[in-house]
Protein chains: 2
Amino acid sequence: MVTLKDISKHTGLSVTQVSRAINNHNDVSEATKKKVMKAVDELGYVPNLAAKKLASKNEKSIALIVVGFEKQHSTNDMLIGIMSGVFNCTSENDTETVLYLYSEKFLKQKSYLQFCRERGVSGAILCGIKRDDPNLKELIKSDLPMVVIDIPYLTENIGSVVIDNEKYSYLATKSLIEGNRKKIGLINGSESAYVSIERKAGYLEALKDFGVEIDESLIKDGEFSRDKAKECARELVSENVDAIFCSSDLMAIGAIESIKELGKNIPEDIAIFGFDGIALVDYITPNISTIRQNSYDKGYKASDLLIQHLKNKTPMRVVKSDCEVCIQQSSEAKKK
Amino acid sequence: MVTLKDISKHTGLSVTQVSRAINNHNDVSEATKKKVMKAVDELGYVPNLAAKKLASKNEKSIALIVVGFEKQHSTNDMLIGIMSGVFNCTSENDTETVLYLYSEKFLKQKSYLQFCRERGVSGAILCGIKRDDPNLKELIKSDLPMVVIDIPYLTENIGSVVIDNEKYSYLATKSLIEGNRKKIGLINGSESAYVSIERKAGYLEALKDFGVEIDESLIKDGEFSRDKAKECARELVSENVDAIFCSSDLMAIGAIESIKELGKNIPEDIAIFGFDGIALVDYITPNISTIRQNSYDKGYKASDLLIQHLKNKTPMRVVKSDCEVCIQQSSEAKKK
DNA sequence: TTGAAAGCGCTAACAA
DNA sequence: TTGTTAGCGCTTTCAA
């Protein structure tokens, strides 16, 4: 292994000066820098991050903690999006990202906090976390700066990146109404989930604004499950809805299956609108109208928020990530 | 930050002895261990990995290098599978995994080798790599032990994890023949791709074994693209095939779309068989018959191979990961 | 079974 | 602009 000492010997300069040259400090003569760089090339020097980290207080790194992924799951594409957003932003900022894939199925998993401490990260990004995660509480108490994705949270040193669920549910519902749908069902997630509450609110708001009567019996709880959504859709069909807004694409897929099984046509008889924008929506027939989240953007913004906070003491915020209203075949307008 | 020194002061023992106790060396009295552990708890000591790494030659870590992921892509579920396999195996073996998401779109990306050196990893797992990747050549020359996923490779210190493409293509084709299909087209990947060559071989082998005439005009190059596969499928339909084996699920989806557009029924008129087993296959109507790869297993085995080699000098191998022949609606047997 | 001392590769005062 | 010195938190000889 080539070390600074080797460069030092090779150039006749002190180790300190070599270190300064390599890190491009401005109190080093151009001549020295050149000489050092030449030696670096010749000897193939590569810095030792562990040593840097140990010696310097400001070797920057953050943890990306990912929970609730599955081996083979249709929503994993969003995860990769978030990850690449985070990694790209950190690499632009010369910050190291350490990934913690947390699964209780894995042996020897440690708490989020311990993971962060061991690695001496200066902040963390949390993704896929549930509000009541006990590990989360511990992290929060530790006052390590962190950014939570998808749960609005805001304190001195905790920020978040979220989407405006209410707004986009409103827009989805509005689009259905404008497509001449009169009886619009909702297959929501689980009642306790934060996003479900918001998405339901947007749906109700739109109905109200456009003078569509609200009928509680058209609101079902699909528990974010494809199978549960199939059931809900069956019930809604028997209620003669002509549109269903689903609080997730996965549930929209279930609904579509049900409706097809019942011999109804989409979108002629019933329009479907999903939420999330997973890759699947473009592979299903009919293509599913959806609210397309920008996972990459969420990851990037989370990382940016954290890094700005770390670097410049920028106050934490609740940052919004925009979505795209993506109207496809499944919700084409009905002829009057 | 609580350090060994703090524990040392708190217990009256030397730093050395505290270190030994914490690492559970056997030349430490039970009494001391107890005393130290108590202090660890009380003070909330967490080891500093950077320091460990620097001080000890055998602090184990490996790099997982992932190339060619995309922000939002339907095959990302396989990636997550591999990642969780790797992380799980390494965590069982007290080995640190450092992830390198490599994308040329990111700024400031460094070579795989430099990444590995900076972190002082003792081995690497490569995933999504192309044979002609220039960064790969450099890594290979460095003789860092590594395991390549999906490309058969074998040297003193390079192993690989692959699936038996030929065997499973054979089985897929056989299954189509046994379903009374007489004229079976192939939509292959790209001619130069290693997996395509193998998959084609398996297809041909099966035809030969079962006495089905080989017709080169039924073999198309779909370039692993959904759109290209749509074209190929159109051509094959005009050739009156009654089955198409697609070298990837993504292409199978394209083929299905084409066939539906042409007013043909699946599987009545034409059976479809895919390859890969991405999450999508269970969401398409009809569900696609496929060769389901076990991504988790691939990741786990890659990691295991590398770790065994590192620990016990186990020779490198070309390890096979099994697939599951998964027969669904799209290839149900035709009535004679 | 224990402790003193050296050193892993690097950065950062402080002096010169 | 440069070099000397100390030290980050840990492991590991070596000697007791």
Side-chain angles (χ1 to χ4, degrees), chain A residues 1-37 39-40 43-61 94-96 114-122, chain B residues 1-37 39-40 43-61 94-96 114-122:
Chain A
M1 179 182 216
V2 184
T3 70
L4 284 192
K5 213 168 163 186
D6 298 318
I7 309 272
S8 160
K9 277 182 200 150
H10 192 264
T11 56
L13 291 157
S14 74
V15 169
T16 312
Q17 201 60 356
V18 171
S19 164
R20 284 196 276 243
I22 286 176
N23 291 294
N24 204 28
H25 289 192
N26 43 13
D27 54 354
V28 179
S29 75
E30 278 309 315
T32 329
K33 277 188 191 167
K34 277 227 178 70
K35 204 200 292 185
V36 169
M37 285 321 181
V40 164
L43 304 186
Y45 169 79
V46 170
N48 178 325
L49 283 189
K52 279 185 101 141
K53 181 123 208 164
L54 188 58
S56 117
K57 292 294 102 186
N58 55 343
E59 187 63 23
K60 296 145 291 177
S61 66
D94 297 303
T95 298
E96 175 83 2
Q114 180 170 5
F115 180 89
C116 291
R117 278 220 213 290
E118 284 181 348
R119 282 150 193 84
V121 300
S122 32
Chain B
M1 179 181 215
V2 183
T3 69
L4 284 193
K5 214 169 164 184
D6 298 319
I7 309 273
S8 159
K9 276 183 202 151
H10 192 264
T11 54
L13 290 157
S14 75
V15 169
T16 311
Q17 202 58 358
V18 171
S19 164
R20 284 197 274 243
I22 287 176
N23 292 295
N24 204 27
H25 289 194
N26 41 14
D27 53 354
V28 180
S29 74
E30 279 308 316
T32 327
K33 278 188 189 166
K34 277 227 179 71
K35 205 199 291 186
V36 169
M37 286 320 182
V40 163
L43 304 186
Y45 169 79
V46 169
N48 178 326
L49 284 190
K52 281 186 99 141
K53 182 122 206 165
L54 188 57
S56 116
K57 292 293 101 187
N58 56 342
E59 185 65 21
K60 297 147 288 177
S61 65
D94 296 305
T95 298
E96 176 83 3
Q114 180 169 6
F115 180 88
C116 290
R117 279 222 209 291
E118 285 180 348
R119 285 152 190 82
V121 301
S122 32

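Computation of the quantities below employed the complete heavy-atom set of this structure, encompassing side-chain atoms and omitting hydrogens, waters and symmetry-equivalent molecules. Each chain gets a letter, A, B and so on, in the order the sequences are listed, and its residues count up from 1.
Using a 4.0 Å cut-off, no side-chain N or O of A:Asn48 falls inside it from OP1 or OP2 of C:dC8. Contact annotation: A:Lys57 side-chain N/O to C:dA12 OP1/OP2 distance is not under 4.0 Å. Taking side-chain N and O atoms only, B:Ser29 has a distance below 4.0 Å to OP1 or OP2 of C:dT2. Contact check, A:Ser56 against C:dT11: no side-chain N or O comes under 4.0 Å of OP1 or OP2.
When heavy atoms are screened at a 4.0 angstrom cut-off, A:Asn26 is found touching the sugar-phosphate backbone but no base atom. No engagement by B:Asp6 is indicated, since no non-hydrogen atom pair under 4.0 Å with the nucleic acid exists. At a threshold of 4.0 angstrom between heavy atoms, the contacts of B:Thr16 include nucleobase atoms, whether or not backbone atoms are also involved.
Between the C1' atom of C:dT11 and the NZ atom of A:Lys5 lies a distance of 16 Å, rounded to the nearest Å. To the nearest angstrom, P of C:dC10 lies 10 Å from CG of A:Leu49. Rounded to whole Å, the distance from NZ on B:Lys9 to C1' on D:dG9 is 13 Å. In this structure, B:Gln17 places its CD atom 16 Å from P of D:dC10, rounding to the nearest Å. As rounded to whole Å, 13 Å separates atom C1' of C:dC10 from atom CZ of A:Arg20.
Between the A:Thr95 side chain and the A:Ser61 main chain, no donor and acceptor come within less than 3.5 Å of each other.
A salt bridge links B:Arg119 with A:Glu96: at least one charged nitrogen is closer than 4.0 Å to a carboxylate oxygen.
Checking C:dG3, D:dC10, D:dG3 against every side-chain atom of A:Leu13, the shortest atom distance belongs to D:dG3. If you check D:dC14, D:dG9, D:dT11 against the side chain of A:Leu54, the one that comes closest is D:dG9.
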